[in-house]
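Structure first, then comments.
Proteins get letters first, then strands, A, B, ... in listed order; numbering begins at 1 in each. Note that the coordinates shown come from a computational prediction; the quantities given were computed from them, not determined experimentally.
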Amino acid sequence: MPRVVGNTEPEVQERSPPDKQVRHKWLSEGGMEALSSFDPEMYLHKNAEEKIRNHAISMGDEVMGLLLGGVYQHRGEPYVIIRDVATTDLDATRVSVRFSREGYERLFDSLESSWFDYVIVGWYHSHPGHTCFLSEVDVATQAAMFDQDHHCALVIDPVNQEIDAFHLRDGVVMRRPFVVYWETFEDPYRGVTVRHRRLSSDPDGVTL
Amino acid sequence: MLVIAMSLRVRVRNAETGASGEMELEPENTVEEIIESAAGYWQKDAGAYVLRRGKSLLRGQETIVEAGVGNGDGLELIPDPEGG
């Protein structure tokens, strides 16, 4: 039997959380309560959020994917950033979902071409029309694969337009307060003013 | 053809934590054994994971020779979740 003979654990980097952030417009009531009581523990990039939402909206059945990101800390408080997601073909119904056996290579293609050194910080899946919670199957998945403090289960209901995030603490399902974030350079309105530029080749001096 | 059976080393990465470990393998070891060993080391349920090398899924019953695993290869343990 093979055995692991050496182990390297990644260092948790000290880094300020993203400051450009907003509460998700579909956040459930419970999620809003959690966010009003606690600082965000998870930051979901707007592009990843859009991929998850579009994926959920595009299918009548459940959808699922992996959350790719990293674990950081700020002044001793750990938090998670989700930068991207990866998914593939699914075997799904309205009440169940898993990756198709034939879909792995496409999933691995996404992982292989990831633009950053990812950690799979959790998973997302949809509950179309059933609201956001963790079912027995979801809890079993969370316990078997995503039992670390930084792991998260993001659930989205595209019918009721609801989203929420959960994690397990000592086997108990807890909400994970989260926000959607973007980088400063991605803010289309970051400039204070917009100046019209006069073209030197424009004989009439018309500004564009 | 002369085939020399020799052990080789691979690096297995736990994608859920970013941790990675060196693993010493014999040619007759199977992919399933690698998953079991890695999952056991990281205290995971082996049945909940698959193993990839690059874009390829490594099949459980294949030996590492059949799977084409070579010395110094990087493998990654990937969770296989089920939602309901």
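A15(B) approaches Y118(A) most closely through the heavy-atom pair CB-CE1, 4.3 Å. Closest of all the heavy-atom pairs between M23(B) and V5(A) is N-CG2, 4.5 Å.
Environment of CG in D45(B): crowded, with over 12 heavy atoms of neighbouring residues, nucleotides or ligands closer than 6.0 Å. Atom CG of D39(A) has 12 or fewer neighbouring heavy atoms from other residues, nucleotides or ligands inside a 6.0 Å radius. With a 6.0 Å radius and a threshold of 12 heavy atoms from other residues, nucleotides or ligands, E14(A) has its CD atom above the threshold. By the 6.0 Å contact criterion, NZ on K55(B) is open, its count of non-hydrogen atoms from other residues, nucleotides or ligands being 12 or less. Within a 6.0 Å sphere centred on CZ of R59(B), other residues, nucleotides and ligands contribute 12 heavy atoms or fewer. Counting heavy-atom neighbours within 6.0 Å of R11(B) CZ, excluding the residue itself, gives a total above 12.
Separating the CZ atom in R53(B) from the CD atom in E112(A) is a distance of 10.5 Å, to the nearest 0.5 Å. The distance from the CD atom of E22(B) to the OG1 atom of T8(A) is 7.5 Å, given to the nearest 0.5 Å. Of the inter-residue distances, the one linking L25(B) atom CG with M1(A) atom CE reads 11.0 Å to the nearest 0.5 angstrom.
E62(A) touches chain B through its side chain: at least one heavy atom from C-beta onward sits under 4.5 Å away, while N, CA, C and O do not. Contacts between Q148(A) and chain B at a heavy-atom distance below 4.5 Å involve the side chain alone, from C-beta outward. Looking at M145(A), the atoms closer than 4.5 Å to chain B (heavy atoms on both sides) sit in the backbone and in the side chain alike. Of the atoms belonging to H130(A), not a single heavy atom falls under 4.5 Å from chain B. Residue contact with chain A, scored on non-hydrogen atoms closer than 4.5 Å, is absent for V10(B). For V95(A), the part lying under 4.5 angstrom from a heavy atom of chain B is the backbone only.
Among the candidates S37(B), S20(B), S56(B), A19(B), the residue making the largest number of heavy-atom pairs closer than 4.5 Å to chain A is S20(B). Between chain A and the residues T30(B), N14(B), V50(B), the most heavy-atom pairs under 4.5 angstrom are made by V50(B). With respect to chain B, the highest number of heavy-atom pairs below 4.5 Å among D147(A), D91(A), V119(A) belongs to V119(A). The choice from S96(A), S113(A), P10(A), S135(A) that makes the most heavy-atom pairs within less than 4.5 Å of chain B is P10(A). The candidate with the highest count of non-hydrogen atom pairs below 4.5 Å against chain A, out of E16(B), R13(B), R9(B), is E16(B).
Against chain A, the residues from residues 70-84 of chain B that qualify, each with a non-hydrogen atom under 4.5 angstrom away, are E76(B), I78(B), P79(B), D80(B), P81(B), E82(B), G83(B), G84(B) in number order.
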Give the table of side-chain donor-acceptor pairs shorter than 3.5 Å for residues 66-74 of chain A, with sequence neighbours excluded, one pair per line with atom names and distance.
residue, atom, partner, partner atom, Å
Y72(A), OH, R83(A), NH1, 3.1
Y72(A), OH, R83(A), NH2, 2.7

